[in-house]
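Only one structure is covered here, and it is reproduced in the block below.
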2 protein chains.
Amino acid sequence: MSINTTQRPSLCQQCAMSSMCFSQAEKSKVEPKVRSHKVYHKSDVLFSVGQTFDAIYILRSGSAKSSVLANSGYEQIGGFHYPGDLIGLDGFDNRAHAQSIKFLETSSVCRIGLGELDKAMAISASLRFNLLQGMSHVLNDENKFLLSLNNMNSAQRLSSFLIDLSSRFEELGRSGKVFDLTMTRVDIANYLGMAIETVSRLLTQMQSEQIIEVEKRRVRIIDFEKLNQSLLQERETSLLRTA
Amino acid sequence: MSINTTQRPSLCQQCAMSSMCFSQAEKSKVEPKVRSHKVYHKSDVLFSVGQTFDAIYILRSGSAKSSVLANSGYEQIGGFHYPGDLIGLDGFDNRAHAQSIKFLETSSVCRIGLGELDKAMAISASLRFNLLQGMSHVLNDENKFLLSLNNMNSAQRLSSFLIDLSSRFEELGRSGKVFDLTMTRVDIANYLGMAIETVSRLLTQMQSEQIIEVEKRRVRIIDFEKLNQSLLQERETSLLRTA
DNA sequence: AGCTGCTATTGGTATAGATCAAGAATAAGG
DNA sequence: CCTTATTCTTGATCTATACCAATAGCAGCT
């Protein structure tokens with residue numbers, strides 16, 4: 001998955017932090033004045049738990065997974081990141097990062113140091129708003145997703161995951177119909193809270209039901225309707241009891 | 001559960017938004033200059049999904065639950081709030097609230113309008129930082145908690161819930177040993193993603209194991225060590241596989 | 001106070017999905 | 001290219017816990 005240079009300008013202009021890169025007059029220009037713009041490779045770590053918090057990042061291309069350390073010290077995957085995502089917001093809490101970020105493929109990020117961020121916030125009302133909005137978005141998205149997992153069976157979890165990926169890709173101007181999973185099945189299972197065997201079985205089952213086609217890491221969604229429908233079959237009692 | 005007036009000053013001085021209520025010189029004074037300070041009762045709604053976002057709130061006393069609407073339209077509880085909690089941060093995303101807040105008992109909140117918030121942020125670097133920190137804290141806390149639930153069995157979920165409550169009460173200067181659950185078992189079950197019967201059974205089981213004592217809504221933690229230990233018995237494969 | 005609806009407990013059964021096991025396919029490394 | 005390690009698939013059990021059902025206790029309302 002290479003950096004799609006034709007998408008760069010639009011990505012930057014949609015970026016929550018764009019006011020740090022473009023002045024108002026420059027917004028139409030193609031060449032961004034990004035401060036720091038670095039490339040990482042598969043398995044590289046952007047930062048890890050406990051590391052001093054000195055910057056936030058925006059993923060420009062590629063993908064990454066974030067993880068936290070559960071009580072007992074094992075790795076719990078907290079989410080997957082795609083271009084446009086704000087990364088590192090967890091660090092404001094304790095001036096140290098609460099999660100780790102590991103890249104799943106060759107990726108590039110914009111780095112915004114804390115110093116310049118605060119300076120810019122003092123000046124720009126729109127940046128203040130954008131940053132709060134960005135954090136709020138992360139909060140809402142992840143929370144809603146994780147919460148909904150709670151009351152879903154495994155098939156629904158996996159469907160939900162695929163739909164989520166699909167719509168994120170659509171938003172990025174990619175295909176939401178055919179895409180590659182850059183994470184392993186183990187990662188998916190860990191994230192969704194189920195056994196890797198169940199992930200595998202469900203994928204083949206969904207294939208046999210003509211909902212998706214899977215070949216290795218590549219997924220093709222054949223029947224969006226069926227995929228969405230499977231989500232609606234909530235547990236009956238949950239429906240009745242939580243009114 | 002009445003408003004504990006003796007705790008008000010210290011609560012305000014610890015508050016992330018305190019710079020909006022006290023000037024630097026006033027911080028030692030007892031009487032806060034809170035803008036708006038309203039009392040609600042059990043089952044009252046602070047705001048609900050879709051409502052225009054025009055203020056953030058800080059819970060001063062009492063407790064509340066937040067909930068989102070899952071895909072199929074049923075209520076999914078997203079968390080419980082206690083004094084000191086920032087509420088309404090979800091609204092920055094779409095200028096409308098993504099969750100609802102319903103009080104579980106008589107409670108009071110401070111209201112901070114968006115206009116005055118932004119004005120204050122332009123001036124105060126510490127407020128900027130405090131707000132970002134507050135949001136980051138919410139993000140980390142809820143995320144970590146929800147994620148950890150994923151790979152826990154029911155007993156661990158409930159233990160985790162109780163431990164979480166206990167430590168929050170300790171932080172508030174209350175007893176972390178004896179406290180009242182202000183939410184119903186249905187709420188707990190919904191939040192933890194399990195059946196209400198399981199909650200009930202586990203509570204009685206933990207009682208028979210001399211870990212806790214339960215009488216109606218009142219919980220007394222007898223053996224913190226056992227309670228914590230139960231969390232460590234993670235599923236074995238999760239441990240091995242997620243390295 | 002007495003009715004009505006809400007909340008909680010306890011018992012019994014069925015099943016989704018974790019776990020154990022083995023092998024195949026793919027990737028990484030020399 | 002071959003060897004070794006990782007990732008993924010498929011099969012067979014077994015267990016946690018959702019689901020169904022019945023009852024009891026409490027709270028709110030007239």
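A, B, ... follow the sequence lines: proteins, then strands. Residue 1 opens every chain.
The aromatic rings of A:His97 and A:Phe47 sit parallel to each other, their planes meeting at less than 30°, with 60° as the upper class boundary.
Between the CD1 atom of A:Ile188 and the C1' atom of D:dT7 there is a distance of 12 Å, given to the nearest Å. The separation between A:Glu215 atom CD and D:dT9 atom C1' is 14 Å, rounded to whole Å. Nucleotide C:dT10 holds its P atom 15 Å from the CE atom of B:Met206, rounded to whole Å. Atom CG in B:Asn151 sits about 14 Å away from atom P in C:dG17, given to the nearest Å. Rounding to whole angstrom units, CG of residue A:Leu158 and P of C:dG17 are separated by 11 Å.
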Enumerate the protein-to-nucleotides 13-17 of chain D contacts in which both atoms are nitrogen or oxygen and the separation is below 3.5 Å.
from: D:dT17; atom 1: OP1; to: B:Ser154; atom 2: N; distance (Å): 2.8
from: D:dT17; atom 1: OP1; to: B:Ser154; atom 2: OG; distance (Å): 3.4
from: D:dT17; atom 1: O5'; to: B:Ser154; atom 2: OG; distance (Å): 3.4

Could you pull out the protein-nucleic contacts involving nucleotides 28-30 of chain D (nitrogen or oxygen on both sides, under 3.5 Å)?
none

Atom pairs, protein N/O to nucleotides 4-9 of chain C N/O, distance under 3.5 Å:
from: C:dA8; atom 1: OP1; to: B:Arg185; atom 2: N; distance (Å): 3.4
from: C:dA8; atom 1: OP1; to: B:Arg217; atom 2: NE; distance (Å): 3.1
from: C:dA8; atom 1: OP2; to: B:Arg185; atom 2: N; distance (Å): 2.7
from: C:dA8; atom 1: O3'; to: B:Arg185; atom 2: NH1; distance (Å): 3.3
from: C:dT9; atom 1: OP1; to: B:Arg185; atom 2: NH1; distance (Å): 2.8
from: C:dT9; atom 1: OP2; to: B:Arg185; atom 2: NH1; distance (Å): 2.5
from: C:dT9; atom 1: OP2; to: B:Ser200; atom 2: OG; distance (Å): 2.9
from: C:dT9; atom 1: O5'; to: B:Ser200; atom 2: OG; distance (Å): 3.0

**Q.** Base-pair map of DNA chain C as dot-bracket, where | denotes pairing with a different strand and pairs are Watson-Crick or G-U under 3.5 Å
**A.** ||||||||||||||||||||||||||||||
Q) Does the pair A:Arg218 and A:Asp180 meet the rule for a salt bridge (charged side-chain N to carboxylate O under 4.0 Å, His left out), with working shown? A) CA-CA 4 Å; A:Arg218 169 146 302 189; A:Asp180 287 306; 2.8 Å; yes
Q: Any chance you could lay out the side chain to side chain donor-acceptor pair (under 3.5 Å) test for B:Gln76 and A:Asn151, step after step, and finish with the verdict?
A: CA-CA 9 Å; B:Gln76 167 64 57; A:Asn151 285 338; 2.8 Å; yes
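For B:Tyr82 and B:Phe169, the distance between ring centers is under 6.0 angstrom.
In B:Arg220, the CZ atom is not crowded: 12 or fewer heavy atoms of neighbouring residues, nucleotides or ligands sit closer than 6.0 Å.
Not one N or O on the side chain of B:Thr182 forms a donor-acceptor pair closer than 3.5 Å with the backbone of B:Ser63. Side chain of B:Asp90 to backbone of B:Ala98: a donor-acceptor contact under 3.5 angstrom is found. Looking at A:Asp223, its side chain does come within 3.5 Å of a backbone N or O of A:Glu225 through a donor-acceptor pair.
One distance of note links CG of B:Asn190 with CD1 of B:Ile196; it measures 10.5 Å at 0.5 Å rounding. For the atom pair B:Lys102 NZ and B:Leu46 CG, the distance stands at 12.5 Å (nearest 0.5 Å). Once rounded to the nearest 0.5 Å, the distance linking OG of B:Ser166 with CD1 of B:Ile212 reads 11.5 Å.
Applying the side-chain contact (heavy atoms from CB on, under 4.5 Å) test to B:Arg201 and every residue at least two apart in sequence or in another chain returns B:Glu197.
Sorted by first and then second residue, the side-chain hydrogen bond (donor to acceptor under 3.5 Å, both in side chains) pairs with a member in residues 39-57 of chain B read B:His41-B:Thr106; sequence neighbours excluded.
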